[in-house]
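The structure under discussion appears below in the form of C-alpha cells.
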Amino acid sequence: MTLVATVLVVEDEAKLRQLLRDMLEREGLAVVTTGSGAEAIDVASRIAPDLVVLDLGLPDIAGEDVAREIRRRTETPILMLTAKVAEEDRIRGLELGADDYMTKPFSPREFVLRVQAVLRRTRVQVSDDGPMSFGHHEVVIDEDRHEVRVRGETVELTPTEWGLLVALGTTPGRVYSRYELINRVRGYEFEGYERTIDSHVKNLRHKIEREPGDPVIVETVLGVGYRLGLARDA
Ligand code: CA
C-alpha cells in the first residue's frame, strides 16, 4: 500500500512558504502550511503530519520551542530551516531532535532530496497482511481483492469512495482534512475541489452507514475534516 505523505511547512516568509509548498506538491506530497509557531504546534497535533519543515526564525514562538513542543507530543520528524550559518550551532547545541537541517538559501532540488531522504528514513511502513477490519468486523477493507464488506455484505464503491475509505482506515481516529483527503485519493483519479469531498462522503455514508444522517463510521470533525469512527480490530 503506497500512501502520499503529509508535510507541514512552517515558514513566516510568504513567498518562500509558497515556493516550498509548490515544490512538495510537485512531488505528490500533501502540504499544509502556516507562518505561525503557535498554529504549527496546534496543527501538528491535529493532523499528525509525516514530516514538519520548520523555519527556526518565526515571529511568535522561536523555532526551537516549536520543535520541542512538537517532539514532546509526537515522533514526527523535523527538517529545520535556518537563515544563518551561526544558527546551525544553535541546532547542534540544543539537541532539538531535528532530523536534518538546511541553511538558507538552498536550491529547490536540494530541498526536495532532503525531504525525500527524511521521509524514507522515518516512514512507518503500513503492513498489508490481509484485510483491515474495523468495529468488530462491521467494516472490512480487503485491498487485495479490492473489496469492502459492511456488516457482512459486499458494498460497491466508486473509485473515489474506495480511496476515501482506505485513506481514513489507514489510521482510525485520526482526522483528515478535506485537502489531505483530496491528495490521498488522487491516485484513484479524483478530480475536484475540497468541497466536492463532502458530496463523496455523503454518497459513501448512504452505502455503508446504518443511519446516514447519524454516521458512526465516517465521522465529521467540524471545521477540520473527517475520520474513521471505528477502532481497528486486533
Ligand atoms: Ca523566518
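Ligands are counted one by one from 1 in listed order, and the atoms in each one are counted from 1 as well. Bear in mind the structure is a predicted one, so any value in this text is a computation, not a measurement. Quick note: residue numbers are just sequence positions, from 1.
- Listed by first and then second residue, the salt bridge (Lys or Arg N to Asp or Glu O under 4.0 Å) pairs involving residues 201-216 are E161-K207 (not counting sequence neighbours).
- The cationic group of R178 does not satisfy the cation-pi geometry with Y176, failing either the under 6.0 Å distance to the six-membered ring centre or the 45° limit from the ring axis.
- Evaluation of the salt bridge (Lys or Arg N to Asp or Glu O under 4.0 Å) test over residues 36-45, restricted to residues two or more places apart or in two chains, returns D42-R46.
- Applying the salt bridge (Lys or Arg N to Asp or Glu O under 4.0 Å) test to E13 and every residue at least two apart in sequence or in another chain returns K104.
- Evaluated for a side-chain contact (heavy atoms from CB on, under 4.5 Å) with F134, the options H137, H136, M132 yield exactly one hit, M132.
- Sorted by chain and number, the protein atoms of type N, O or S within less than 3.0 Å of the Ca ion (ligand 1) are D12 OD1, D55 OD2, G57 O.
- Of the possible donor and acceptor atoms, one in the side chain of D60 sits under 3.5 Å from a partner among the backbone N and O of G37.
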